[in-house]
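Scroll down for the structure; my scribbles are underneath it.
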Amino acid sequence: MQRSTPRRRALLSAIALGALIALGATVTVVGNSFRFTQETITIPGPDGDLVGVLTLPDDGHARGIVVMVHGDGPVDATMDGLYAPWFEGAADAGLGTLSWSKPGVGGSHGDWLSQSMDDRAAEVSAVLDWALGDDEVPTDTVVLWGASQAGWVLPEVTRSRSDIDGVVAVGPAISWLRQGRFNLLAELEHDGADAQERAGAIEESDRTRALLARHASYEEYLASTTSDDPMTEDRWGFVQRNVGSDATDDLRASASREIPVLLMVGSHDRNVDVEETEDTYRSILGSSLTVTHLDGTHSLARPVMEDHDAVGLLTAVVRPRALLAPGTIDDYTAFLIGIGR
């Protein structure tokens with residue numbers, strides 16, 4: 001059995017994308033007119049300028065702002081356009097959205113792989129300070145939106161500031177280590193791994209975790225790994241800095257503020273144990289929490305979009321709103337409407 005690796009999936013995506021481009025002249029693109037305006041902005045960050053976008057409702061007026069905090073990876077300000085439904089959902093609630101490319105991506109200075117979660121939280125706070133001091137940015141209401149890895153950033157920002165009015169958390173994990181093990185086992189099951197493959201993958205993971213625990217060098221890691229797709233040296237350093245991340249303490253510290261939090265989870269999430277996340281959020285945040293369950297993946301995309309690259313790419317081109325699980329943006333907009341009223 002040939003298991004799908006990140007490189008193989010990337011190759012399949014590239015092939016599918018090439019086919020779409022070749023067919024571009026015959027495809028009628030619909031559903032790409034969104035209800036917001038957008039401008040490029042430059043924000044002074046802790047390690048240099050950050051290039052971002054500010055979106056507003058079509059009439060140019062907003063009663064507040066959603067600040068986007070990305071998940072893992074080299075994400076640009078619009079996530080290659082995939083954030084557009086989220087921007088529109090905020091605009092429909094009367095809010096603008098502020099989003100920026102990670103350091104080293106899309107013209108932003110720095111290197112996101114050099115960051116710890118504390119660094120990421122400091123970056124978000126720097127952006128918030130800039131926004132609050134700029135008359136062109138509507139900040140009467142401030143909402144943090146964060147996906148996946150942002151689950152370790154949002155609570156830290158919220159606990160340290162008194163000017164956050166709401167939080168939207170999409171597929172966040174609690175513990176970095178538990179998230180990694182859950183993801184490994186879920187992907188093995190999804191790929192139909194046999195007992196030998198499963199045992200080998202767990203052994204490889206345990207070896208890597210032991211190296212991380214004793215802060216081993218990258219050279220030791222390379223000598224130890226049997227992976228077909230080993231981490232780069234920069235990625236190894238990034239994981240070493242962040243492998244101990246756990247959101248529990250920051251969630252507890254932020255709970256006293258009793259600001260409304262929307263937790264959005266997908267029933268097909270293979271990255272994060274959403275049951276653990278929901279149980280932890282409920283036990284700590286209590287009545288401040290709203291949970292919405294969606295028939296989606298970790299990113300809240302419809303499962304077919306992630307399981308079949310060509311379908312996802314075609315949908316992104318032709319009907320991008322349909323990428324997300326039904327009800328995702330409706331629930332998001334409804335939550336935002338109730339913030340700051």
Side-chain angles (χ1 to χ4, degrees), residues 1-20 70-75 79-80 82 147-149 151 170-212 221-232 235-236 238-239 242-243 245 264-278 293-316 322-326 328:
M1 181 184 70
Q2 183 179 20
R3 293 195 39 221
S4 178
T5 66
R7 286 177 178 171
R8 184 167 181 267
R9 288 193 291 267
L11 177 60
L12 291 173
S13 296
I15 293 170
L17 180 58
L20 284 175
H70 308 305
D72 196 8
V75 185
M79 202 175 183
D80 293 325
L82 296 180
S148 189
Q149 191 182 96
V170 178
I174 301 301
S175 159
W176 186 293
L177 282 171
R178 290 198 301 275
Q179 181 270 333
R181 181 51 56 94
F182 176 89
N183 175 232
L184 173 65
L185 297 178
E187 291 292 353
L188 288 168
E189 181 178 356
H190 179 263
D191 292 346
D194 59 29
Q196 183 177 356
E197 288 176 314
R198 179 184 169 92
I202 293 173
E203 182 181 352
E204 167 81 10
S205 175
D206 286 344
R207 255 196 324 270
T208 300
R209 288 163 70 129
L211 290 171
L212 288 166
Y221 161 70
L222 279 185
S224 166
T225 185
T226 60
S227 172
D228 293 333
D229 188 31
M231 286 183 252
T232 65
R235 181 70 186 183
W236 176 255
F238 179 77
V239 174
N242 294 296
V243 69
S245 297
M264 307 184 79
V265 297
S267 58
H268 302 273
D269 194 329
R270 298 196 301 269
N271 290 65
V272 167
D273 183 349
V274 295
E275 291 185 7
E276 180 198 26
T277 294
E278 181 176 346
H293 299 91
L294 298 145
D295 187 24
T297 63
H298 181 55
S299 66
L300 301 186
R302 298 171 191 255
V304 67
M305 304 301 171
E306 291 192 5
D307 289 338
H308 301 281
D309 295 318
V311 174
L313 287 165
L314 180 60
T315 305
L323 285 167
L324 294 172
T328 298

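Along the sequence shown, residues are numbered consecutively beginning with 1.
Put simply, the side chain of Glu197 never gets that close to the backbone of Leu188: no donor and acceptor are under 3.5 Å apart. Side-chain N or O atoms of Arg302 include none that pairs as donor or acceptor with a backbone N or O of Leu323 at under 3.5 Å. The backbone N or O of Ala193 lies less than 3.5 Å from no partner atom in the side chain of Asp191, so there is not a single donor-acceptor pair. One N or O on the side chain of Thr277 and one on the backbone of Pro172 form a donor-acceptor pair closer than 3.5 Å.
Under the 4.5 Å side-chain criterion, counting only non-hydrogen atoms from C-beta, Val272 is in contact with His298. By the 4.5 Å heavy-atom criterion applied to side chains, Val311 and Met305 are counted as neighbours. Using a 4.5 Å cut-off on side-chain heavy atoms (C-beta onward), Leu222 and Met231 make no contact. Residues Ser224 and Leu211 have side chains in contact (heavy-atom distance under 4.5 Å, counting atoms from C-beta outward). Asn271 has its side chain out of reach of Thr297: every pair of non-hydrogen atoms, C-beta onward, lies at least 4.5 Å apart. No side-chain heavy atom of Phe238 sits less than 4.5 Å from a side-chain heavy atom of Thr232. In this structure the side chain of Gln179 never reaches within 4.5 angstrom of the side chain of Ile174, judged on heavy atoms. Side-chain contact check for Arg178 versus Asp273: every heavy-atom pair is 4.5 Å or farther apart.
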Next on the checklist: Quick one, Phe182 with Val274, criterion side chain to side chain contact (heavy atoms under 4.5 Å, CB included). Give me CA distance, side-chain angles, the key distance, then yes/no.
Outcome noted: CA-CA 10 Å; Phe182 176 89; Val274 295; over 6 Å; no

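To the nearest 0.5 angstrom, Glu203 atom CD is 8.0 Å from Thr226 atom OG1. The CZ atom of Arg209 sits 10.5 Å away from the CD1 atom of Ile202 when rounded to the nearest 0.5 Å.
The minimum heavy-atom distance between Val239 and Trp176, with the atom names listed, is CG1-NE1, 4.3 Å. When all heavy atoms of Gly296 and Pro303 are compared, the closest pair comes out as CA-CD, 4.3 Å. Between Asp295 and Ala325, the closest heavy-atom pair is O-CB, 3.5 Å. The heavy-atom pair separating Gly71 from Ser148 by the smallest distance is CA-CB, 4.3 Å. Across all non-hydrogen atoms, the minimal contact from Gly266 to Leu300 is N-CD2, 3.6 Å.
Contact check on Arg181 versus Asp206 returns a salt bridge, with a Lys/Arg side-chain nitrogen under 4.0 Å from an Asp/Glu carboxylate oxygen.
Considering only residues two or more places apart in sequence or on other chains, Asp72 meets the side chain to side chain donor-acceptor pair (under 3.5 Å) condition with Gln149, Arg235.
Between the side chains of Glu306 and His268, not a single donor N or O lies within less than 3.5 Å of an accepting N or O.
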